[in-house]
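The figures that follow rest on heavy atoms only: side chains count, while hydrogens, waters and symmetry mates do not. Keep in mind the model is a prediction, meaning the values are calculated, not measured.
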Amino acid sequence: MFENIFTQEAWIEAWEIARTEIPLALWETVYVTVLSMVFAIIIGLPLGVLLVVGEKDGIMPLPKWLMATLGFIINLLRSIPFIILIVIVIPLTRAIVGTSVGTVASIVPLVIASFPFIARLVETSLREVDRNVIEAAQSMGASPMRIITCVLIPESVPSLLSNLTIAITTVIGFTAMSGVLGGGGLGKIAIHYGYNRYKYLVMIFATAILVILVQIVQSVGRWLAQKADRRLKK
Amino acid sequence: MIEIQNLKKTFRTADGEFDALNGVSISVADGEIYGIIGMSGAGKSTLVRCINMLERPTAGTVCVDGVDLGKLKSKELRAERRKISMIFQNFNLLMQRNCLDNVCFPLKLAGVKKKEAKVRAQALLETVGLADKAYAYPAQLSGGQKQRVAIARALASDPKVLLCDEATSALDPKTTQSILELIRDINRRLGITVIVITHQMNVIEEICDRVAVIDGGRIVEEGAVADVFSAPKSEAARRIVFPEDELAALPYAEERIVRLVFNGSEAAATPLIAGLAVDEGISANILYASTRNIGGKVYGKMLVGLPGDDDAVKRAIDYLNGDGVSAGELVREDSESTKGEEE
Ligand SMILES: Nc1ncnc2c1ncn2[C@@H]1O[C@H](COP(=O)(O)OP(=O)(O)OP(=O)(O)O)[C@@H](O)[C@H]1O
Ligand SMILES: [Mg+2]
C-alpha cells in the first residue's frame, strides 16, 4: 500500500490539498489551543492556588474533606485517557455548545482534560516559592489574598511560564487527537487524508506542521521564562 | 513595651510532643535593644516567631503596648503586625522584584498610594545607604546589601518594634559590624525597640543593652550585657561565654582573668599586651586568643591572665579598654559556689 506514496501525482495532489486546507486547519488548531488554554487556566489556576494555600499548614487552611475531594477529582480527571474523555463528556459538550462535533465542540473536552493538568502544574510552581518569603509577608501583615497575588504568583512567574509551555504543547497534542472524533484542525487533516484515504503525504505535511508548532511554542516559552526570571544575574 | 508572660510552645511531631518553649517571661522596655542568645535549638526562633504570632503559643501571653496579640482577630493581628517588623537570616526578599518594589511592598499593604510609596521607599533606601540600587534585583546584591534592603523594607511601615532573627548570621564579620551599626543608628534616631536574636556573643556585646540567655526553651539568665558576660552564672551562659577551646585554657589559670573583645579595633592583639607590659609594667599571660584581622581591623576575643591585686587589674582594664576593644574582668565561678544553681 505504500508503493505509490512518492509518485509525482501524489506530490501534486498532496500539495494541492495542503495548500487549500492546511492554512485553515492550522488556524483551527491554534485557536482551539488558545481558547482551551484560556478556559483551562481560568479554572486550573485558582484550583492550583487552592491546592497550595488550602493545605494543613498553608496560608489559608481549608476543611480537610474539601481538599481531599479536590485532589480526588483532579486525579480522577487526569487518569482518564483523553480519547475516552471525549466520549464521556459528549452530553456536556452538547449541553454547552449545542453539538458534539466540530472545532468549537472540541474545546469542551480539551478544557476538561487540561484544567486538572494545569492545576497540578500551578501547584508545583507555587510550591517552589520560598516558605520564608511567604512568612516574611505574613510578618508584614499581608492577608492570604495579598500573599497569593503579591507573593505566590509573582514569585513563581518563571516557573509558571515554563509549566504553561508544557501545558500548551500537551494541549496541541490533544487537539490533534480530538480530530479523530469530530474536532477540527491539523489532526483532522492528518486522520482524514492519511488514515481514511491513504494520502500519506498529506498526513506527513500536517504532522510536520504540528511538530514545528510544538517546537516554536517550546522555544518561545523557554525564552520567556528565562527572560522573566530576575533571579538570574544579568 | 513588650511583655511576654509564661510563654509555652509545644510542637506535635511524628515521635511525640516537643516543648520548644517552657514558660518564657521577659519584658522589653521602649527604645531598648534587647538581646536573646542561645545555642542552636534553644528555642530562639520559636520565641521570636511567637512575638508576632507567626507561631501561635500553646500558652502564655504576648503584650505589645498593652495589646494582647493572642486575643486579636486575624484582621486586627495583621494591623498590629505592621507595627512589629522583622528581619531574617536569609533576608527573605521578593526575588522577582527590584529593591524599590521590595521596600514598597509593606506600604502597598498599608494602602499607601503607589507614587507616594515610591518616594518614601527611595528615601528609606537612602537611609540604609543603597539609593543607587533602587532598580537592582536582590540576586544582584551582596548579602550585606540584601540585609540593608530588608531593613529598609522593615522600616517602611513605621514600626515600633524591630525583631531580628539571626540577622547577621549569614554575613562576614565586617558586614556584620556595619549592619549592627545601622541597627543601632535606627534604634537611636527613630526610637524603635529592637529585639536581637543570635547565637553570636559579639553581636550582643556590640549593640544590646540587656541580654537574656535561653536554653532548652527557658530563660536561664537575664541582665545587663556586661554583667551577664563577665560573670555568667548559668551553665548555658558559660558555654556561650567560653566556647570549649576557651574553657580548656582556663584550668591552668591561677591569675585574675580579663576578657578582651575586639570589635574592629585598630590595635592588634599581641602588641596591645606588649604595650601593657611596657607602659604599665603589667605583664599579662595570654590564655586564649581567637582574633582575626579583617581589612586592617581586628575582630575576636582574647583571655589574658593577670597577676596581682585589684589596682593592677583596674589599671590594666583602663589601659586595654579603647577604640574597638572592650575589656572586663571575668568573675570565675568556683565549683562550690555554682553547685547550688544547677539542677
Ligand atoms: N515546626 C516545628 N515542629 C517541630 N519542632 C520544631 C518546630 N520548630 C522548631 N522545632 C524544634 O524546637 C526547637 C527550637 O527550635 P528553634 O528554631 O526555635 O531553635 P533556635 O534556637 O532558633 O536554633 P537555631 O540557632 O539553630 O536557629 C528545636 O529543637 C526544633 O527542632
Ligand atoms: Mg533559629
Looking at every heavy atom in both L109(B) and G141(A), which two are closest together, and how far apart are they?
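Smallest interatomic distance, heavy atoms only, reads CD1-C, 4.4 Å.
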
Minimum heavy-atom separation for V133(A) to L94(B), with atom names?
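Between these two residues, the closest heavy atoms are CG1-CD2, 3.7 Å.
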
Sort out for me which of M53(B), K108(B), K75(B) touches chain A most, counting heavy-atom pairs under 4.5 Å.
K108(B)

Note, P106(B) side chain near M140(A) side chain (heavy atom, < 4.5 Å)
yes

Does some side-chain heavy atom of R78(B) sit less than 4.5 Å from a side-chain heavy atom of Q138(A)?
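Q138(A) vs R78(B): side chains apart.
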
Audit row: D229(A), Q96(B), side chain to side chain donor-acceptor pair (under 3.5 Å) steps and yes/no
CA-CA 7 Å; D229(A) 197 348; Q96(B) 307 291 355; 3.1 Å; yes

Is chain A contacted by the side chain of [X], its backbone, both, or neither, given a heavy-atom distance below 4.5 Å?
| X | value |
| --- | --- |
| L54(B) | side chain |
| F105(B) | side chain |
| L93(B) | backbone |
| I84(B) | backbone |

Looking at [X], I'd like to know if its [atom1] atom is crowded, meaning that more than 12 non-hydrogen atoms belonging to other residues, nucleotides or ligands lie closer than 6.0 Å.
| X | atom1 | value |
| --- | --- | --- |
| K146(B) | NZ | yes |
| M145(A) | CE | no |
| F39(A) | CZ | no |

Looking at N52(B) and S139(A), would you say the former's side chain and the latter's main chain have a donor-acceptor pair under 3.5 Å?
no

E135(A) bridged to R49(B) by N-O distance under 4.0 Å
yes

Part of S143(A) lying under 4.5 Å from any heavy atom of chain B:
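Contact with chain B: backbone and side chain both.
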
I'd like to know whether M95(B) forms a side chain to side chain contact (heavy atoms under 4.5 Å, CB included) with R230(A), so could you lay out the CA-CA distance, the side-chain angles of the two residues, the decisive distance to 0.1 Å, and finally the verdict.
CA-CA 7 Å; M95(B) 296 305 281; R230(A) 308 300 190 169; over 6 Å; no

For the atom pair CG (N90(B)) and CG (D130(A)), what is the distance rounded to the nearest 0.5 Å?
7.5 Å

